[in-house]
**Q** 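Please read through the structure below; I'll follow up with questions.
Numbering of residues begins at 1 and proceeds along the displayed sequence. Both backbone and side-chain heavy atoms feed into the values below; hydrogens, waters and symmetry mates do not.
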Amino acid sequence: MAEQFVGLVESSALDLPRPGSGRTGERFRELKDLARRDLCLARLAEGHVDALAILEELGGPTVYPGERWGVWAAHPPGPALQAVSGGADWRVRGVKQYCSGARICTHALVTADTGQGRRLFAVHLADRGVAAVPGTWKAVGMAASDTLDVAFHDVPAEPVGEVDGYVQRPGFQHGGVGVAACWLGGAQAVADTLLDEAGKHPLDEHAAAHLGQVDVLLHAAEVVLDRAAEEIDDDSLDRRGGARVRGLRVRALVEKVCTEVLHHVGRATGAGPLCRDAAHARAVADLTVYLRQHHAERSDAELGGLLAYGGGAK
């Protein structure tokens, strides 16, 4: 996986259009297609291209050819990464969880708590104070994404943006839709097994019904993703204030589609592909784990609150 990611970066294959550039649909399609090929590789690629967009939006350090960036911004329960300032210099200390590309990336954007609030920092992962923590990823799904905890021992860090600038920028919502594009590509990879079965022999009526449902679901999600890209291009700075509602809607819809695709393909194909087709078994495991990045009912509740108390849909 590391070699493939390095190859994508060095070949400039990940020089994708920025969100809101007028070509956001192209960006989402590239991520979706890469995820259909390999969801773990797409996870690394999505982090890299998101980092490039963030650095451009918030005025971060220059990215040089060959650098591989990640965005490590998870905040699960427990102690958070801390950033402390000694005048003009900043250093980060503690452990960051869920760092995809922990041993593959050369640089990362990490969120850390400061005395003034949460901020984003750029760190160079070659620093001797950075250490991936072996054995901190137990799942079979997404194992190839090299997602581990990373310990930071007094590591120099460069602030990127102001306090809460990472989440307050419109691009935060646009990036969330990019993640949904990866989920959708993962669901297409799972569905390919059922499509392959249909190409080899006639499906019985039950399997054919499942295939029909899968087609409807995937088509609907693609339409929604394309519409979201158009809306982002039309209002990239979110002057109309619809980005958060859009992001919540798209992610919720795509997560539901992916969950139902997993259900229909499993019912239609039975245990065979899961037990005898390594690529399919991995695709199912990877998608199942990756979808849990979605905040599920918490996001649904936030969306409902915005619609009920925020003046309706944008």
**Q** Judged by modelled atom types alone, do Thr259 and Glu255 share a side-chain donor-acceptor pair under 3.5 Å?
**A**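 Yes, a side-chain donor-acceptor pair sits under 3.5 Å.
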**Q** Taking atom CG of Asp164 and atom CZ of Arg118, what is their separation to the nearest 0.5 Å?
**A**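 It is 8.0 Å, given to the nearest 0.5 Å.
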**Q** Within the structure provided, determine whether Phe152 and Val130 are in side-chain contact (heavy-atom separation under 4.5 Å).
**A**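 Sidechains of Val130 and Phe152: in contact.
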**Q** How far does CG of Leu194 sit from OG1 of Thr269, to the nearest 0.5 angstrom?
**A**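 Output value for this atom pair is 7.0 Å.
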**Q** Could you give the distance from OG1 (Thr106) to CH2 (Trp69), rounded to the nearest 0.5 Å?
**A**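 CH2 of Trp69 is found 7.5 Å from OG1 of Thr106.
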**Q** Would you call Arg282-Asp286 a salt bridge at under 4.0 Å N-O?
**A**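 So Arg282 pairs with Asp286 through a salt bridge.
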**Q** Is there side-chain contact between Phe121 and Leu81, with heavy atoms separated by less than 4.5 Å?
**A**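 No; the side chains remain at least 4.5 Å from each other.
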**Q** Can you tell if the side chain of Val224 reaches within under 4.5 Å of the side chain of Val257, non-hydrogen atoms only?
**A**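 Not touching, per the 4.5 Å side-chain cut-off.
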**Q** Applying a strict under-4.5 Å side-chain criterion to I, L, V, M, F, W and Y, I'd like to know whether Leu262 and Leu274 cluster together.
**A**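 Per the 4.5 Å side-chain linkage, Leu262 and Leu274 are co-clustered.
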**Q** Look up atom CG in Leu14 and atom CZ in Phe5, then write down how far apart they are to the nearest 0.5 Å.
**A**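 So the gap between those two atoms works out to 6.5 Å.
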**Q** Is any side-chain N of the basic residue among Glu302 and Arg244 closer than 4.0 Å to the acidic one's carboxylate O?
**A**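 Result for this pair is yes, salt bridge flagged.
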**Q** Hydrogens and angles aside, do His174 and Thr24 bring a side-chain donor and acceptor to less than 3.5 Å of each other?
**A**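 Result is no, nothing qualifies.
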**Q** Do Arg68 and Val6 come close enough that some side-chain heavy atom pair is under 4.5 Å?
**A**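 SC-SC contact between Arg68 and Val6 confirmed.
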**Q** Tell me the closest heavy-atom pair linking Asp235 and Gly241, and the distance in Å.
**A**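 For Asp235 versus Gly241, the nearest heavy atoms are OD2-N, 4.3 Å.
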**Q** From Arg246 CZ over to Arg227 CZ, what is the distance, rounded to the nearest 0.5 angstrom?
**A**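 One gets 9.5 Å once the value is rounded to the nearest 0.5 Å.
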**Q** Could you tell me if the side chain of Asp226 sits less than 4.5 Å from the side chain of Arg29, heavy atoms only?
**A**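 Contact flag for Arg29/Asp226 side chains = yes.
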**Q** Please verify the inter-ring angle class for Tyr166 with Phe172; under 30° counts as parallel, over 60° as perpendicular, anything in between as tilted.
**A**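 Aromatic pair Tyr166/Phe172 classed perpendicular.
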**Q** Less than 4.5 Å apart, any side-chain heavy atom of Glu46 and any of Leu34?
**A**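 Not in contact.
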**Q** Any chance you could measure Ser100, atom OG, to Met142, atom CE, to the nearest 0.5 Å?
**A**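 Separation between the atoms: 6.5 Å.
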**Q** Check whether any side-chain heavy atom of Gln173 lies under 4.5 Å from a side-chain heavy atom of Asp238, and answer yes or no.
**A**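 Side-chain contact under 4.5 Å: no.
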**Q** As a quick check of understanding, evaluate side-chain contact (heavy atoms from CB on, under 4.5 Å) for Thr111 and Trp72, giving each step before the final call.
**A** CA-CA 7 Å; Thr111 49; Trp72 300 344; over 6 Å; no
**Q** Would you say that Val110 contacts Val150 through its side chain, given a criterion of any heavy-atom pair below 4.5 Å between the two side chains?
**A**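 Val110 does not reach Val150 side chain to side chain.
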**Q** Side-chain donor-acceptor pair under 3.5 Å between Gln82 and Arg93, yes or no?
**A**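 Absent: no donor and acceptor within the cut-off.
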